Every structure is written in C-alpha cells, then in structure tokens.
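Right, one structure below, let's go through it.
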Amino acid sequence: MLPMMRSVFRAAAIGIVLTIWVLSLIPINQAVPGSDKLHHLAAYFACMWTWAQVYAENRMRLRLAGAIVLMGAMVECVQWLVPWRSFDWADMLANALGVALAYFVAAGQAILARRMQARTS
C-alpha cells in the first residue's frame, strides 16, 4: 500500500475510534433507527477493517483485534458508570463479532492480493 494511503486509513481509523467513544458516552434522547446490535457490529467492523488496512502483518492484526475487543469492553464498563447509558453483555458480543468479521474479511483481502500479485509476476 502506498504510504499516503496508509496515512489516510490511519487517520480514518483514529476518527472511528474517537467516534465510537463519543457516540457511546453521549446521552441519546431518541432511538436511532435500526437494530442496536447491528449498529455495534457495524461500528466495530469499520474500526477493525480500517486498522487492518494500515497494518498488513497478520500478527499485528491479531493484536489489533484483541485491542479493539478490549476497547469495546472498556466502553461498556464506562457506560455502566454513566447515568444515561447502561452496560450490556450483548453489546460486547456484537462488538466482538464485528471485529472478528472484519479480521476475516481483511485476511481474505490479503489472500486475494497475494494471488493477484503472483499472477502478474
């Protein structure tokens, strides 16, 4: 990947992390359309997939996946302390599923990229 693209993905990934924290802790007066668990899965999928574009090495992606799952658990624990939010085990599960799905999608991308590169070489 080009260094400039890596920088763009890194900035996007940092933005997603910050957005997850902010949206997870602000009071929400009205329900957001759609399934809450689907929102969790999508947010953590986007977070993991974007970070996976920054780091191509599988070992680093595994560390990132663990760190992002841990971040999801931390968000839930902090929500338990905030009066207008609540702790939910199912949210943590949806977060982890989003991370796992993105990890496997990124792994599939890497396999396809290697195969395409081998064909052109």
Side-chain angles (χ1 to χ4, degrees):
M1 176 182 295
L2 296 171
M4 181 179 163
M5 288 304 297
R6 186 167 287 144
S7 296
V8 170
F9 277 110
R10 183 178 290 116
I14 292 168
I16 291 169
V17 168
L18 293 174
T19 301
I20 287 172
W21 276 98
V22 169
L23 291 177
S24 296
L25 297 178
I26 63 172
I28 296 178
N29 296 333
Q30 62 187 34
V32 179
S35 166
D36 173 55
K37 303 311 175 243
L38 191 56
H39 295 154
H40 282 267
L41 188 134
Y44 283 80
F45 177 94
C47 188
M48 179 62 205
W49 183 85
T50 307
W51 278 113
Q53 304 313 300
V54 177
Y55 298 102
E57 183 189 340
N58 192 47
R59 183 173 286 171
M60 185 60 178
R61 285 182 177 174
L62 279 171
R63 289 180 185 154
L64 281 168
I68 296 168
V69 168
L70 182 61
M71 180 187 84
M74 288 172 45
V75 166
E76 287 301 316
C77 290
V78 172
Q79 283 182 335
W80 182 61
L81 301 171
V82 178
W84 52 83
R85 299 306 290 252
S86 61
F87 178 92
D88 188 352
W89 287 104
D91 287 349
M92 283 198 316
L93 178 60
N95 298 344
L97 287 173
V99 171
L101 183 59
Y103 175 84
F104 289 115
V105 167
Q109 283 179 297
I111 291 167
L112 287 173
R114 282 192 297 272
R115 285 184 182 172
M116 290 178 69
Q117 188 175 30
R119 285 184 183 174
T120 60
S121 299

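Keep in mind the model is a prediction, meaning the values are calculated, not measured.
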Flag the pair Arg119 / Met116 as yes when at least one side-chain heavy-atom distance between them is below 4.5 Å, and no otherwise.
no
Suppose we screen for side-chain contact (heavy atoms from CB on, under 4.5 Å). Which residues come up paired with Ala13, at least two apart in sequence or across chains?
Thr50, Trp51
With a 4.5 Å cut-off on side-chain heavy atoms, are Leu23 and Ile26 touching?
yes
Straight-line distance of Ile20 CD1 to Ile16 CD1, nearest 0.5 Å:
7.0 Å
Trp84 meets the ring-ring contact (aromatic ring centres under 6.0 Å, His included) criterion, sequence neighbours left out, with none
Distance, nearest 0.5 Å, that separates CG of Asn95 from CG of Leu70:
11.5 Å
Shared-cluster residues of Trp80, by chain and number - hydrophobic side chains joined below 4.5 Å:
Leu81, Phe87, Trp89, Met92
If Ile, Leu, Val, Met, Phe, Trp and Tyr residues are connected whenever their side-chain heavy atoms lie under 4.5 Å apart, and connections chain through other members, are Val105 and Leu112 in the same group?
no
Verify same cluster id: Val8, Ile14 (apolar side-chain graph, 4.5 Å)
no
Contacts of type salt bridge (Lys or Arg N to Asp or Glu O under 4.0 Å), residue Asp36, not counting sequence neighbours
none
Test side-chain contact (heavy atoms from CB on, under 4.5 Å) applied to Leu38 - qualifying residues, sequence neighbours left out
Ser35
Taking only residues at least two apart or on different chains, which pairs with a member in residues 39-59 satisfy salt bridge (Lys or Arg N to Asp or Glu O under 4.0 Å)?
none
Report the distance from atom CG of Leu101 to atom CE of Met48, rounding to the nearest 0.5 Å.
11.0 Å
What I'd like to find out is whether the side chain of Cys47 reaches to under 4.5 Å of the side chain of Val99, using heavy atoms alone.
no
Identify the two heavy atoms, one from Ser86 and one from Gln79, that lie closest to each other, and give their separation to 0.1 Å.
O-OE1, 3.3 Å
Tell me, please, which residues at least two apart from Phe104 pass ring-ring contact (aromatic ring centres under 6.0 Å, His included).
none
Tell me every residue that passes side-chain contact (heavy atoms from CB on, under 4.5 Å) with Arg115, counting only those two or more places apart in sequence or in another chain.
Ile111
For Ala110, give me all partners under side-chain contact (heavy atoms from CB on, under 4.5 Å), at least two apart in sequence or on another chain.
Arg61, Arg114
Is there any side-chain hydrogen bond (donor to acceptor under 3.5 Å, both in side chains) pair reaching into residues 98-111, and which pairs are they, with sequence neighbours excluded?
Trp49-Gln109, Gln53-Gln109, Asn58-Tyr103
Return each pair, listed once, that meets side-chain hydrogen bond (donor to acceptor under 3.5 Å, both in side chains) where at least one residue sits in residues 17-28; pairs must be two or more places apart or across chains.
none
Test: salt bridge (Lys or Arg N to Asp or Glu O under 4.0 Å). Region: residues 81-101. Which pairs qualify, not counting sequence neighbours?
Lys37-Asp88, Lys37-Asp91
